[in-house]
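Working notes for the structure below.
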Amino acid sequence: METRNIFENISCLDHRYSLSEKEVFAKLSEYISEEASVRSCAKAEAALVKAHLDIRGQLSKEIESQLDEAAKNINPEEVYAEEEKTQHNIRALVNVMKTKVPSDLAPLVHLGATSVDILDTALSMRMRDVTQNVVLPELKDLEKALCTIAQRDCSTPQVGRTHGQHAIPITFGWSIAEFVSRLGKSILRIEELSNQLKGKLAGPVGSYNGPSMIVKDPEDLEKRYLSFLGLEPSEYSNQLVEPEYLLRLLLEFNVAFGVIANLADDLRNLQRSEIGEVFEYFSSTQVGSSTMPQKRNPWNSEHVKSLWKAMCPRVITFYMDQISEHQRDLTNSASQRFIADYTAGFTMAVARMKKVVSGLQADKENMLKNLLGAGGKVKGGVLAEPAYILLGEAGVSDGHEVIRKITLEAEKSGKTFFEVLKTHTDAYSKITAQLEKLGVEDPANFFENPANYCGLAAKKSKRLAEKYLKLMENN
């Protein structure tokens, strides 16, 4: 077969990313390359011949093997050459396939089928297989790496952030547990949806006209055909399989992609010079900037977000492919071919994010430094919330206002929130009494360290990590 220098390819997926993500690209190629597309259609044609023979009671292991071998060794270049004559891709495949099977079986190739009986069935088969054999393993590896961090850093104190501002204390494990939970649910849904993809053998308008000329029970023939491919028939088909099966899978891909892009963005921001709370692995030969030798840019996280920006809008096309005029038109013919590009871009982003997370480390010292200095102009001000809540529990109706004034006093004096709080003996004693009721260790000095106020962050981080690790191993 003629080969092309990869740098002559137009899609960046086929040169830049085929090199940077070689292993993943090779796995994807096995299922969603053009060669894989042609061979999956040949496999569907072989399954149809098997179904015809099976219903007649004439299918043997030897014949099955011959048909499988013919489909496996179909030459895409030969099919494309035939298409130059026929100007029809499936008719070209059928013509080539007839020359590859035993002559007495040739009349059964494509018998009773329309093109989309083969195309939609083969697409479902490819998307099921690439999802289960490539996409899901990459996603699960990423999820497990996130679970490891959520467990490892479940108690590592960190300042929480809302609206880009310091909020109240959390732990780094808790900030990662968010993505463990969000991505974990999406992974389980992708797995479920990949098992729901359907095929068909129902003819040009889906009403089994052609198959009814061959067998008494066309639906039985359809079930036999699809069983050889590990699929079930669509409940309703016109010329197309109902598009929503595939659409839902692709939409869930995009849900997972959004979660991963959100993670990438958070990690990128935590690497800002003025924050410096996490750092990616940086090799000894790696260059961060072409002109500033000292820089270590978070380019991997940025790369993931950039891929999401390129791929996410394609969801609009997936929605548009829901619509086909009456029983069938060809307006999804070209657009549907780009599903492979989307799947590849998504999976490569997952693989890149996996590398980031696998080498990710928390700068615990800087996290603690940022937490201790958090609170705007009031050092320790992130503990204003528990102070006012405890006052409220003690029966002080204007606790919020009492604490607000204490923060203003601390800001004006330059003292810490804790130092000023202690001078307000009535409020401080009531707060301390409430902490004693809760069984808090060393209640008198609770407000000295913001890390004391992390709620259930550590406990829930660990629990979520354990839950999703178990789910990833069992599915």
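Using modelled atom types, no side-chain atom of Thr114 and backbone atom of Asp117 make a donor-acceptor pair closer than 3.5 Å. Remark: side-chain polar atoms of Ser194 are not paired, donor with acceptor, to backbone N or O of Gln132 under 3.5 angstrom. Here the side chain of Glu45 pairs no donor or acceptor atom with the backbone of Cys41 at under 3.5 angstrom. A distance-only check finds no donor-acceptor pair linking the side chain of Ser306 to the backbone of Glu302 [under 3.5 Å]. Between the side chain of Asn73 and the backbone N or O of Glu69 there is at least one donor-acceptor pair closer than 3.5 Å. In terms of modelled atom types and a separation under 3.5 Å, the side chain of Ser237 and the main chain of Gln239 share no donor-acceptor contact. Judged by distance alone, with hydrogens and angles left aside, the side-chain atoms of Asp14 form no donor-acceptor pair with the main-chain N or O of Ile10 at under 3.5 Å. Not one N or O on the side chain of Asp54 forms a donor-acceptor pair closer than 3.5 Å with the backbone of Leu59. Within the 3.5 Å criterion, the main-chain N or O of Asp120 finds a donor-acceptor partner in the side chain of Ser124. In terms of modelled atom types and a separation under 3.5 Å, the side chain of Thr407 and the main chain of Arg404 share a donor-acceptor contact.
Between Tyr225 and Leu229 there is a side-chain heavy-atom pair separated by less than 4.5 Å.
To the nearest 0.5 Å, atoms CG (Leu456) and OG (Ser461) are separated by 9.5 Å. Taking OG1 of Thr131 as the reference point, atom CG of Leu139 lies at 9.5 Å (rounded to 0.5 Å). How far CG of Leu53 is from OG of Ser60: 8.0 Å, rounded to the nearest 0.5 Å.
Considering Lys198, Arg128, Arg224 in turn, Lys198 is the only one that fulfils the salt bridge (Lys or Arg N to Asp or Glu O under 4.0 Å) rule with Glu232. Under the side chain to side chain contact (heavy atoms under 4.5 Å, CB included) test applied with Val315, the options Leu251, Val255, Leu250 reduce to a single match, Leu251. When Asn269, Asn370, Asn366, Thr156 are each tested for a side chain to side chain donor-acceptor pair (under 3.5 Å) with Glu277, only one passes: Asn370.
For the 3.5 Å distance criterion, the side chains of Glu242 and Ser234 qualify, holding a donor opposite an acceptor.
A salt bridge does not link Glu219 to Lys223: none of the charged nitrogens lies less than 4.0 Å from a carboxylate oxygen. Under 4.0 Å is where a charged nitrogen must lie from a carboxylate oxygen, and between Lys354 and Glu138 at least one such pair does. Between Glu35 and Arg39, at least one side-chain N (NZ, or NE/NH1/NH2) sits under 4.0 Å from a carboxylate O, which counts as a salt bridge. Ion pairing between a basic and an acidic side chain is recognised when a charged N comes within 4.0 Å of a carboxylate O; Glu252 and Lys185 show no such pairing. By the 4.0 Å N-to-carboxylate-O rule, Lys462 lies too far from Asp153 to be salt-bridged with it.
Applying the salt bridge (charged side-chain N to carboxylate O under 4.0 Å, His left out) test to residues at least two apart or on different chains, the pairs with a partner in residues 21-30 are Glu21-Arg352, Glu21-Lys355, Glu23-Lys27.
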Subject >> Derivation and outcome, salt bridge (Lys or Arg N to Asp or Glu O under 4.0 Å), residues Glu178 and Arg182 >> reply: CA-CA 6 Å; Glu178 170 193 343; Arg182 289 169 64 190; 2.6 Å; yes

Original post:
For Arg189 and Glu192, what are the C-alpha separation, side-chain angles and deciding distance, and is it a salt bridge (Lys or Arg N to Asp or Glu O under 4.0 Å)?
Top reply: CA-CA 5 Å; Arg189 184 64 175 144; Glu192 179 186 359; 3.1 Å; yes

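Remark: Arg314 pairs with no residue by the salt bridge (Lys or Arg N to Asp or Glu O under 4.0 Å) rule, at least two apart or across chains.
The aromatic rings of Phe253 and Tyr342 sit parallel to each other, their planes meeting at less than 30°, with 60° as the upper class boundary.
Taking the six-membered ring for Trp, Phe25 and His15 have ring centres at least 6.0 Å apart.
Within a 6.0 Å sphere centred on CD of Glu385, other residues, nucleotides and ligands contribute more than 12 heavy atoms.
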